[in-house]
Protein chains: 2
Amino acid sequence: MTNKDALKHYDVNQYRTPDGYTSDIAVFTITSEKTGVYKPPEMTLKLMLIKRSVKDAEDNPNIEAEKWALPGGFVETSETAFEAARRELEEETSVKDVHLKHFGVYDRPGRDPRGWIISNAHYAIVPEHDLTARKANDDAAEVKLFSLDELKTIALAFDHDTIIIDAIKMITSDLLQTTVAKAFLPKAFTYSELQAVLLTVTNDPAIASHQSFARKIKTLPFIQEVKGQTTSRTSKKPTQLYQFNDMEVVKPIYTARY
Amino acid sequence: MTNKDALKHYDVNQYRTPDGYTSDIAVFTITSEKTGVYKPPEMTLKLMLIKRSVKDAEDNPNIEAEKWALPGGFVETSETAFEAARRELEEETSVKDVHLKHFGVYDRPGRDPRGWIISNAHYAIVPEHDLTARKANDDAAEVKLFSLDELKTIALAFDHDTIIIDAIKMITSDLLQTTVAKAFLPKAFTYSELQAVLLTVTNDPAIASHQSFARKIKTLPFIQEVKGQTTSRTSKKPTQLYQFNDMEVVKPIYTARY
DNA sequence: CTAATAGTGTCTATGAGACAGTATATA
DNA sequence: TATATACTGTCTCATAGACACTATTAG
């Protein structure tokens with residue numbers, strides 16, 4: 001291997017290196033307020049944040065104490081930031097198999113008072129009941145779900161305000177332009193459940209009109225009926241269930257109507 | 001400032017830190033082969049790569065020598081990776097004001113034999129004539145434009161094969177789902193020039209049919225006529241010029257037709 | 001029965017896409 | 001004149017979206 005010779009001469013310390021590499025996660029969930037039995041849910045998109053404690057693990061004063069922050073932590077040498085996000089999310093919420101996606105890197109000099117620390121940011125989608133289960137377990141740390149409106153009113157640590165703005169932009173466009181909505185839904189869902197998820201980020205009349213959407217869902221190539229399967233969880237009348245298939249869609253803005 | 005107390009106790013060296021933080025750039029251009037005067041161009045999407053030299057600046061054997069690689073380099077402590085990309089691109093091509101976008105981070109352990117090196121990857125869009133000007137200046141380094149087909153046949157350094165695959169996916173969907181196409185075009189362009197750009201990444205009949213597209217362009221809310229302005233660069237008949245406005249578009253996959 | 005959600009019948013307007021024709025320039 | 005690209009007139013078919021209606025169940 002010719003790289004061996006080259007490595008003999010390479011000094012890993014000739015450059016100034018970062019002081020840390022962290023993985024942060026914007027954990028989104030949708031809370032379904034059941035307005036009653038036999039009704040479709042009212043859904044709200046929420047973000048999970050953690051309140052930084054006054055003292056750290058060694059009982060020293062903590063950086064950015066008492067501000068709200070995204071969960072996350074340092075990446076180990078043996079893993080990618082993506083794997084770190086998955087690990088930390090499992091430690092935090094004891095949920096595996098969450099939908100996780102990288103959406104940005106935050107490396108502005110001075111963003112972290114501790115030094116040159118690069119944050120690799122992801123968003124995660126976790127079903128609501130997985131989060132509420134976790135909150136019961138760990139009563140020490142302050143964990144809370146914030147609606148997008150509530151987020152504007154609280155003090156955020158580091159540059160997490162910027163990261164959160166980007167995360168919201170990203171999940172909004174992903175919900176509308178990709179099939180991630182499935183991560184918020186059970187495998188088989190009704191048209192009104194999918195509709196409720198989409199309405200958390202848009203008010204497009206084609207999606208908001210229930211008759212239009214009930215018709216439209218049957219023509220979408222990436223969604224199919226679950227033949228013969230129905231549920232009564234959203235109405236007294238048994239409702240057809242649907243599921244996503246594996247199709248990927250890229251819909252050009254240059255085609256079809258506006 | 002309460003953070004001051006906290007910082008006294010913070011030891012920046014308690015964690016193993018990365019050995020380097022680099023910014024890499026996938027430089028895309030579209031080559032227009034003029035098939036004749038008064039004709040619309042034939043366009044091909046190409047990626048600029050640099051052949052790594054046998055010896056480095058200190059005359060030692062170079063890592064991944066003689067393989068093709070994305071341009072890039074180490075990020076300075078005083079800048080973001082995005083700024084580093086802009087700086088390196090200017091050093092490399094002496095072009096300012098290029099369209100530049102982050103699209104991924106590459107941090108798999110072992111991806112670089114020199115150590116734990118994190119690559120922050122961007123794609124850039126540079127008009128062809130800016131690249132050809134540059135090639136004339138710097139005859140030392142081997143720089144070449146590769147069509148997407150040619151890329152499959154060459155030896156790539158590090159994990160740049162993976163990075164390039166992601167870059168191509170990203171620019172393809174951005175060309176169709178956002179208005180980045182404008183970065184490949186002059187400020188005022190004809191419908192056939194925009195069409196040629198889009199056809200480098202799609203064969204959607206609604207875009208490929210020239211009558212359909214000539215009509216469609218007038219209805220797109222993010223494109224407007226430049227009143228009274230025409231050009232003869234693509235045909236003998238003077239042709240209407242168009243320009244992008246500042247509108248941002250998110251087109252849901254759940255609306256309109258398929 | 002009422003009330004509530006799911007779903008369909010049907011109409012209208014709009015637009016996609018095809019085809020053929022017209023417009024405007026060069027040589 | 002021929003030729004090449006730009007553009008429009010017009011037709012057909014599909015469908016978005018609106019409105020009104022029907023279907024099915026719980027209580």
Side-chain angles (χ1 to χ4, degrees), chain A residues 32-43 188-196 198-199 202-221 223 225-242 251-258, chain B residues 32-43 188-196 198-199 202-221 223 225-242 251-258:
Chain A
S32 302
E33 289 166 45
K34 289 244 59 154
T35 49
V37 277
Y38 306 119
K39 275 187 179 291
E42 283 251 317
M43 295 190 178
F189 51 88
T190 70
Y191 82 90
S192 60
E193 289 169 334
L194 172 58
Q195 187 184 27
L198 299 177
L199 288 177
T202 187
N203 47 19
D204 188 316
I207 290 170
S209 153
H210 106 88
Q211 293 100 327
S212 284
F213 199 74
R215 273 228 177 71
K216 189 71 202 176
I217 196 168
K218 292 184 210 151
T219 73
L220 297 173
I223 290 179
E225 271 191 21
V226 189
K227 293 273 181 225
Q229 293 263 25
T230 58
T231 181
S232 288
R233 64 177 175 254
T234 62
S235 87
K236 294 168 181 174
K237 174 172 177 183
T239 308
Q240 178 62 49
L241 287 169
Y242 296 89
K251 186 159 187 167
I253 58 176
Y254 298 94
T255 60
R257 82 185 51 186
Y258 273 92
Chain B
S32 302
E33 289 166 43
K34 289 245 57 154
T35 49
V37 277
Y38 305 120
K39 274 187 181 288
E42 284 250 318
M43 295 191 178
F189 51 88
T190 70
Y191 82 91
S192 60
E193 288 170 334
L194 171 57
Q195 186 184 27
L198 299 177
L199 288 177
T202 187
N203 48 19
D204 188 314
I207 290 170
S209 152
H210 105 89
Q211 292 101 326
S212 284
F213 199 74
R215 273 226 178 72
K216 188 73 204 173
I217 196 169
K218 292 183 210 153
T219 72
L220 297 173
I223 289 180
E225 270 193 24
V226 188
K227 293 273 183 224
Q229 293 262 26
T230 57
T231 182
S232 288
R233 62 176 177 255
T234 63
S235 86
K236 294 169 182 171
K237 174 174 178 184
T239 308
Q240 178 61 51
L241 287 170
Y242 295 89
K251 184 158 190 167
I253 59 176
Y254 299 94
T255 60
R257 81 186 50 187
Y258 274 90

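Here is how names work: the chains are called A, B, and so on, in the same order as the sequence lines, proteins then strands, and each is numbered from 1. The model shown is predicted, which means the values in this text are computed figures rather than measured ones.
Distance CZ (A:Phe189) to C1' (C:dA6): 16 Å, rounded to an integer number of Å. Atoms CZ (B:Phe213) and P (D:dC7) sit 12 Å apart, rounded to a whole Å. Regarding A:Gln240, its CD atom lies at a distance of 17 Å from the C1' atom of D:dT25, rounded to whole Å. Between B:Gln195 atom CD and D:dC7 atom P there is a gap of 12 Å when expressed in whole angstrom units.
Proximity of B:Lys218 to the phosphate of D:dT8: a side-chain N or O atom is located under 4.0 Å from OP1 or OP2. For the OP1/OP2 pair of D:dA16 and a distance below 4.0 Å, the side-chain nitrogens and oxygens of A:Lys216 include at least one atom meeting the criterion. Distances shown here put a side-chain N or O of A:Ser192 below 4.0 Å from the OP1 or OP2 atom of C:dA6.
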Review item, nucleotides 18-21 of chain C N/O atoms under 3.5 Å of protein N/O:
from   : atom 1 : to       : atom 2 : distance (Å)
C:dA18 : N6     : B:Arg215 : NH1    : 3.4

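Residues B:Thr234 and B:Glu193 come closest through the heavy atom pair CG2-OE2, 3.7 Å. The minimum heavy-atom distance between A:Ala196 and A:Met43, with the atom names listed, is CB-SD, 3.6 Å.
Set against D:dT5, C:dT8, D:dC7, the side chain of B:Thr234 has D:dT5 as its closest nucleotide. In this structure, the nucleotide among D:dA16, D:dC7, D:dT3 sitting nearest to the side chain of B:Lys236 is D:dT3. For B:His210, taking side-chain heavy atoms from C-beta onward, the closest of the listed nucleotides D:dC7, C:dA16, C:dG7 is D:dC7. Considering only side-chain atoms of B:Tyr191, the nucleotide from D:dC7, C:dA6, C:dT24 that sits closest is D:dC7. Among the nucleotides C:dG17, C:dA16, D:dT8, the one closest to any side-chain atom of B:Ala206 is C:dG17.
Residues passing the side chain to side chain donor-acceptor pair (under 3.5 Å) test with B:Ser209 are B:Ser212, sequence neighbours excluded. Evaluation of the side chain to side chain contact (heavy atoms under 4.5 Å, CB included) rule for A:Leu194 yields A:Ala181, A:Leu185, A:Phe189, A:Leu198, A:Phe213, A:Ile217, A:Ile223, A:Phe244, B:Tyr254 as partners, not counting sequence neighbours. The side chain to side chain contact (heavy atoms under 4.5 Å, CB included) check on B:Leu199 picks up B:Gln195, B:Ile207, B:Ala208, with sequence neighbours excluded.
In the helix from C:dC1-D:dG27 to C:dA27-D:dT1, the terminal helix axes, each the rotation mapping four pairs' C1' atoms onto the next four within five end pairs, subtend 0°, rounded to 10°.
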